[in-house]
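When reading the values below, keep in mind they use all heavy atoms of this one structure, side chains included, and skip hydrogens, waters and symmetry mates. Numbering of ligands and ligand atoms starts at 1, following listing order.
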Amino acid sequence: MKRDKHIQDILDFYKKATLSELINAAGLVCYENHGNDVWLRGLVEFSNYCKMDCLYCGIRHSNSKVTRYRLLPEQIISIAKKGYENGLRTFVLQSGEDSYYTTDVLCSIIEGIKAGTGNNGDDVAITLSCGIRSRKDYELLKNAGADRYLIRFETSDKELHKYLRNGITLERRLEALRDLRDFDYQTGSGFMVGLPNETEEIRINNALLCHDLELDMVGIGPFIPHQDTPLRNESGLPLEYTIRILALVRLLLPKAHIPSTTAVGTVDKLGREKALKAGANVLMPNITPQDVKGNYLLYPNKVCLHETGFSGLICLKARTALSGKTLNYGKGQALRMVEN
Ligand code: 5AD
């Protein structure tokens with residue numbers, strides 16, 4: 001596909017730049033668009049039941065070793081309220097694809113959180129990350145007050161996608177992303193880096209797809225093999241590959257919100273600081289209750305599992321300062337919503 005000159009220039013730069021040149025360029029673009037702010041998103045992993053069987057994922061349906069849990073709607077609402085009291089203004093409600101939470105139930109959770117926080121719910125943003133649902137469901141959830149939705153496309157390569165997602169097509173994911181856009185969600189997607197059979201060309205196409213989808217949010221993290229999945233013998237790639245491609249995404253999408261993900265922090269102790277320097281501007285403290293958090297293992301050795309309640313915030317504050325940035329406790333809307 002013929003790309004316009006600006007995009008082609010970025011790709012040419014990416015291909016010849018050293019890692020530090022890329023980090024500096026992406027860090028600068030991030031600073032020009034977002035200043036030194038790092039936005040916080042409180043992550044609530046509310047169910048690890050999943051009807052899907054993605055080959056890479058630790059909570060895939062076929063993994064019988066997982067201790068499954070579900071949080072009750074009132075528990076989820078109370079966690080968000082506590083988060084609000086601790087200063088958080090965005091809540092990401094994430095789960096496996098779990099039909100137990102019907103659209104009615106999810107709507108009541110969204111309404112409960114909005115009713116229990118300031119300004120009639122206007123003080124907080126709710127992000128859902130619970131997989132493919134029907135167009136009608138997305139509409140109802142939006143009307144109930146959901147603001148944002150995350151659904152990673154995982155890899156832009158059609159064949160690889162179908163293989164890794166156990167038969168589900170890339171096109172279906174892209175359709176979901178289009179539906180979400182139609183209902184005016186702030187829309188997030190993204191991909192893993194270092195999946196088996198992934199090439200540099202696929203990685204670049206992943207970044208270009210993020211650009212073409214005009215995403216408001218892009219989550220990128222290294223693939224980490226999980227011992228209880230069919231990909232247990234794969235090896236993943238060093239963090240540098242993720243950092244390079246994250247920097248490319250920042251250059252292609254200057255306005256996007258890009259988290260420094262937990263997966264990045266898992267493969268390298270200083271991974272999150274490195275991602276913040278390479279263009280990331282969001283951190284997601286995990287506020288899932290301590291007693292179940294250890295069961296939400298999409299990949300092994302996840303960081304921050306020992307943290308209780310909101311102690312993680314202190315750690316993130318230090319990490320952000322180390323990266324020369326400052327935590328911002330605001331809602332952190334997509335820039336297209338605040339700039340007109
Ligand atoms: N390693 C890294 N990231 C993973 N995810 C799922 N399994 C793994 C893994 N083994 C990511 C997927 C998913 C997100 C919630 O977590 O990209 O969309």
Side-chain angles (χ1 to χ4, degrees), residues 41 43-63 65-66 92-98 127-133 148-157 160-161 163-166 168 170 172-174 176-177 180 187-198 202-203 206-207 209-210 213 215 217-239 241-243 245-246 249 258-268 271-272 275 282 284 286 288 293 295-304:
R41 319 306 196 189
L43 175 64
V44 187
E45 297 157 335
F46 64 90
S47 160
N48 68 353
Y49 280 83
C50 192
K51 60 184 174 210
M52 307 304 283
D53 236 339
C54 305
L55 269 54
Y56 44 80
C57 186
I59 63 166
R60 65 200 301 268
H61 181 75
S62 307
N63 184 3
K65 292 197 183 160
V66 180
V92 179
L93 309 184
Q94 188 176 92
S95 67
E97 297 212 7
D98 183 1
T127 307
L128 298 176
S129 175
C130 36
I132 302 232
R133 298 207 166 221
R148 310 177 186 152
Y149 207 103
L150 305 176
I151 183 159
R152 289 190 182 175
F153 57 76
E154 315 294 3
T155 176
S156 62
D157 186 89
L160 187 56
H161 187 103
Y163 162 67
L164 292 171
R165 304 213 48 254
N166 206 31
I168 313 284
L170 173 65
R172 181 65 192 94
R173 282 245 144 163
L174 298 179
L177 282 161
L180 292 162
T187 310
S189 189
F191 55 91
M192 283 173 280
V193 176
L195 289 166
N197 299 323
E198 179 188 284
I202 295 177
R203 285 190 283 281
N206 290 344
L209 180 55
C210 292
L213 292 168
L215 297 175
M217 304 167 280
V218 185
I220 305 165
F223 158 64
I224 308 172
H226 189 297
Q227 64 282 8
D228 302 321
T229 66
L231 304 185
R232 63 180 69 81
N233 295 323
E234 300 293 333
S235 47
L237 283 177
L239 178 67
Y241 286 81
T242 301
I243 298 291
I245 212 80
L246 188 152
V249 169
I258 302 181
S260 173
T261 55
T262 307
V264 160
T266 297
V267 293
D268 181 329
R272 279 173 295 174
V282 170
M284 299 174 62
N286 187 339
T288 307
K293 189 196 242 188
N295 296 324
Y296 200 88
L297 293 185
L298 310 182
Y299 48 82
N301 307 317
K302 199 166 153 195
V303 287
C304 303

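Contact check for Tyr296 versus Asn286: no side-chain heavy atoms found under the 4.5 Å cut-off.
For ligand 1, the 4.0 Å heavy-atom shell contains residues Tyr56, Cys57, Gln94, Arg152, Glu154, Met192, Pro222, Phe223, Ile224, Leu298, Tyr299.
Here salt bridge (Lys or Arg N to Asp or Glu O under 4.0 Å) pairs that include residues 44-58, with residues two or more places apart or in two chains, are Glu45-Lys302, Asp53-Arg60.
For the salt bridge (Lys or Arg N to Asp or Glu O under 4.0 Å) test, no residue two or more places apart in sequence or in another chain qualifies with Lys293. Not a single side chain to side chain donor-acceptor pair (under 3.5 Å) links Asn197 to another residue, sequence neighbours left out.
Side-chain atoms of Gln94 never come within 3.5 Å of backbone atoms of Leu43 as a donor-acceptor pair (strictly under, hydrogens ignored). Side chain of Thr127 to backbone of Val92: no donor-acceptor contact under 3.5 angstrom is found.
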